[in-house]
Amino acid sequence: MSLKMSKLLDIEKYLLLELVYFHLPSQYKNQITRETPIKLDEYIDLIEQCGCSTYPGFISRSRHGSQYKRRRQAHFKRIYASSDNLDDVIITGYRNDNYGCYGNSDDKIKSSFVGLAMEDCENNGAVVFSGCEQMDLSSIVLDWGGCLIASLGVVTAHHHKAIDFFDYYMTGILGERNLFGHSKGGNLATYVYINRLDENTNAYCVNAQPYCWYTMSDSQKAALKTDRFEYIVHANDPTRKASYVSYISRTAPLNRYANRHFIDIHGFAEVSFDEFGNLEGTRVIRETNSRLKTRFFNDYATEKRLTHDECLAQFQENIDKIISLPRLLSTTLDEILLVTEAQAAIIWLRDEDTRGSFIYPLIIKGPRAEDLYQLKLRPGQGVAAQSVFAGLPLYIKDFRHYRLQVGSLKRAMGLTITSEIAVPLGIDESEVFGALELVNKQNGFFSVEDFALVNEMTLVMLDVFKKSGKSLDNYRDFSLLQIRKGGKPIFAVEKNGYQEENFITQEEKSFFLKKIMGQSLESDERLIFNRVTFTRNKQDQLKRLRKQEYVMIFENSHLRVSKTRVKTVLVALLLHLRENRINLNALASMIGLEDKMNTSIKDLSGAEYIRLEYGMARIRRPQLIIVNTPPRGVSTAAFLALCSRIKKDCEKKVATVIVLTDK
């Protein structure tokens with residue numbers, strides 16, 4: 001129950017950042033004070049009545065706008081209900097200088113400034129600034145014009161209002177004083193932060209308009225590169241290109257189903273959070289001294305590069321105060337990425353199934369995290385697995401000199417593995433429960449010094465973990481697809497699992513299909529696919545999910561009696577997939593129909609038709625295959641043979657399958 005920056009999860013910080021864009025109803029104008037505050041959940045309850053500043057969605061009083069607000073409200077309520085930090089947070093101040101029904105100002109010459117202040121029971125405080133306001137010409141000029149001149153180092157009226165707002169509401173706060181800002185709000189938060197460095201101040205900015213680097217003092221520049229200031233940029237967001245930025249903390253990849261429009265990239269809803277509430281797949285990309293010198297500046301020639309002992313001391317200081325296990329693991333990976341310049345970092349956990357022991361990824365920092373979460377590695381399959389099962393730290397400087405199986409990891413990451421470090425995680429050597437793995441140094445190979453530093457940092461992290469008394473048991477989840485209602489799972493299928501679902505009526509089966517495809521989600525339901533969460537308001541993303549990751553066998557029962565030739569169907573499939581790695585003859589040979597290319601589908605035997613359906617499904621390389629009830633003319637024996645083959649493919653980790661059968 002704290003607004004301390006070190007305790008708040010990324011998903012909670014994003015809630016606070018987005019909340020300021022929902023403007024309170026007119027009866028609350030100037031009514032919220034430190035003497036008459038409202039609780040955070042009361043603010044969330046009011047969202048249906050709020051006006052919205054059109055960002056991150058173009059919202060009006062239309063039916064679409066009302067639906068959008070209800071969906072975001074439901075999202076905020078879910079975060080609040082599961083949060084250990086936000087329960088006692090109160091809103092102590094609200095200022096909105098927009099003119100009109102959703103602003104505080106009676107002055108038609110509005111300033112487009114919005115700020116929100118809050119406190120917790122431990123006397124920590126926070127201020128949140130918003131970015132672009134209502135989408136009319138005057139607001140656009142005020143906001144984007146202000147961003148332009150701010151990037152040139154001009155202090156605007158907005159900056160003065162921001163610092164006055166912060167000073168007023170942080171008076172009497174004895175704990176942390178924290179700043180949050182998105183877009184232009186991040187520019188304001190940055191300005192306040194660098195001018196209040198001696199007041200126990202921290203800042204968290206997302207896609208922020210950069211503040212002018214050239215006008216800052218050396219102490220202000222240095223402060224932007226400390227752990228007190230975090231600057232998150234979404235992949236491909238243009239704001240970091242609006243001015244020179246050398247203090248980016250992390251980049252957050254958009255999830256693969258996200259829209260790629262500016263308004264979506266720049267907003268809040270297109271990134272993913274893991275089950276810990278941390279941003280999924282983020283990378284630490286703070287620029288090094290050498291990069292700075294080769295680009296724009298010569299005045300950083302004396303910037304100090306930390307020694308081994310200094311790195312270790314700073315890391316110890318950073319994590320000693322962490323009490324959240326997710327935060328501990330995530331921070332450890334961030335810091336190790338920073339000091340080693342690795343391309344990716346993974347924490348693996350050990351578990352067992354009917355086939356024996358394996359490891360699976362718990363947290364991933366690096367490219368294509370969503371693909372990696374499917375992996376289960378057995379003994380002998382890669383450096384991390386060898387480290388876990390042997391209980392030894394491993395250092396592979398150059399993979400060209402070793403013969404280890406790393407094919408699964410290589411395919412999932414889309415990288416050529418050149419260098420690796422893996423360190424076992426455990427209470428002692430006899431109780432290894434996982435491993436920390438680094439993959440590829442950005443420029444060259446890992447050194448012995450990197451290996452030694454990672455070993456010692458991991459031991460420090462394990463010591464903090466042991467003292468915390470926490471358990472990892474709550475985080476063991478192998479689901480590829482989940483449907484959760486009110487926080488409780490109502491359906492799940494495990495990665496590489498084979499699962500049968502029986503139905504009495506067609507209506508039951510149709511309802512189930514719509515549910516697992518996200519077509520009939522209720523307001524309190526979530527579809528979680530490979531750790532990416534979807535709600536019913538994300539229909540565009542759900543369509544892309546179904547197109548990319550789902551395939552149904554026997555989807556079209558009329559295909560069985562079609563006069564279309566096999567060759568025609570396969571050609572159409574390859575053209576649709578733009579499949580370059582395989583030609584028509586190779587595909588026909590793979591499914592055992594090379595001598596049936598000119599045969600009509602209706603003239604195929606039951607077994608041949610099943611090979612066609614299954615081959616067409618597998619060539620699309622989906623993550624989830626759904627086997628519908630077979631059409632008439634397919635024998636029970638042929639269908640059971642298909643199921644037997646599918647089970648073997650699931651055991652080989654090449655498919656996850658749900659089979660729909662009639663009772």
Side-chain angles (χ1 to χ4, degrees), residues 3-6 8 10 12-21 53 55-56 91-97 111-119 124-133 143-144 146-147 149-151 153-170 173 176-213 215-216 220-221 223-234 237 239-240 242-243 245-250 252 266-268:
L3 281 171
K4 283 189 174 181
M5 199 68 80
S6 61
L8 287 171
D10 285 324
E12 296 165 340
K13 295 172 183 176
Y14 267 62
L15 183 156
L16 300 179
L17 284 165
E18 187 175 357
L19 196 66
V20 73
Y21 284 97
S53 62
Y55 201 87
I91 309 296
T92 57
Y94 172 71
R95 178 171 177 177
N96 182 340
D97 284 351
S111 76
S112 188
F113 172 84
V114 180
L116 195 66
M118 55 194 74
E119 295 179 21
N124 301 299
V127 166
V128 189
F129 300 120
S130 78
C132 184
E133 292 307 318
D143 190 80
W144 293 99
C147 283
I149 62 175
S151 68
V154 178
V155 178
T156 67
H158 281 182
H159 293 106
H160 289 301
K161 287 191 174 187
I163 208 159
D164 289 345
F165 186 84
F166 176 83
D167 287 345
Y168 180 81
Y169 285 102
M170 294 300 102
I173 295 295
E176 284 188 6
R177 302 177 175 196
N178 294 324
L179 289 148
F180 296 87
H182 168 262
S183 193
K184 183 185 177 182
N187 180 280
L188 300 179
T190 304
Y191 175 77
V192 176
Y193 169 75
I194 62 175
N195 284 284
R196 293 295 183 267
L197 293 176
D198 58 346
E199 298 185 8
N200 196 17
T201 306
N202 304 278
Y204 186 90
C205 301
V206 173
N207 292 336
Q209 162 64 34
Y211 193 71
C212 184
W213 179 261
T215 62
M216 297 184 212
Q220 289 173 331
K221 290 176 180 178
L224 292 177
K225 294 186 176 185
T226 68
D227 294 327
R228 292 173 56 191
F229 184 86
E230 190 157 21
Y231 181 31
I232 310 295
V233 177
H234 295 175
D237 185 82
T239 51
R240 68 168 300 202
S243 181
V245 185
S246 68
Y247 49 85
I248 295 172
S249 307
R250 289 184 286 162
H266 191 58
F268 300 104

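All values reported here derive from a predicted model rather than from experimental measurement.
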**Message:** As a quick check of understanding, evaluate side-chain contact (heavy atoms from CB on, under 4.5 Å) for K161 and L188, giving each step before the final call.
**Reply:** CA-CA 9 Å; K161 287 191 174 187; L188 300 179; over 6 Å; no

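- Listed here is the closest heavy atom pair of Y211 and M216: O-CE, 3.7 Å.
- For the residue pair S130 and V20, the shortest heavy atom distance occurs at CB-CG1, 3.4 Å.
- Note: F129 and H158 fail the aromatic proximity criterion, with ring centroids not under 6.0 Å apart.
- The aromatic rings of H182 and F268 are tilted relative to each other, their planes meeting at an angle between 30° and 60°.
- Looking only at distances, a side-chain donor or acceptor of Q220 sits under 3.5 Å from a matching main-chain atom of I194.
- Looking at every heavy atom in both residues, N187 comes nearest to A208 through N-CB, 4.1 Å.
- Across every non-hydrogen atom of S249 and F229, the tightest pair is OG-O, 3.6 Å.
- The shortest side-chain heavy-atom distance between L3 and L16 falls under the 4.5 Å cut-off.
- The shortest distance between side-chain heavy atoms of I163 and N195 falls below 4.5 Å.
- Two residues are said to be in side-chain contact when any heavy atoms from C-beta on lie closer than 4.5 Å; I173 and E199 fail this criterion.
- Partner of H159 under the ring-ring contact (aromatic ring centres under 6.0 Å, His included) criterion, chosen from Y193, Y191, F166: Y191.
- A salt bridge links R250 and D10; the closest N-O separation between the charged side-chain nitrogens and carboxylate oxygens is under 4.0 Å.
- Taking all atoms of both residues into account, the shortest heavy-atom contact from T190 to C205 is OG1-SG, 3.9 Å.
- Between F180 and Y204, the angle of the ring planes lies from 30° to 60°, which puts this pair in the tilted group.
- Considering only heavy atoms from C-beta on, E230 stays 4.5 Å or farther from M5 through its side chain.
- Considering only heavy atoms from C-beta on, T201 stays 4.5 Å or farther from M170 through its side chain.
- The shortest side-chain heavy-atom distance between V127 and R177 does not fall under the 4.5 Å cut-off.
- With hydrogens and angles disregarded, a donor-acceptor distance shorter than 3.5 Å links the side chain of R228 to the backbone of L197.
- One distance of note links CG of L19 with CD1 of I91; it measures 6.5 Å at 0.5 Å rounding.
- Every residue meeting the salt bridge (charged side-chain N to carboxylate O under 4.0 Å, His left out) condition with E119, not counting sequence neighbours, appears here in chain and number order: R34.
- Contact detail for N207 and H266: the closest heavy-atom pair is ND2-O, 3.1 Å.
- With values rounded to the nearest 0.5 angstrom, K13 atom NZ is found 8.5 Å from N178 atom CG.
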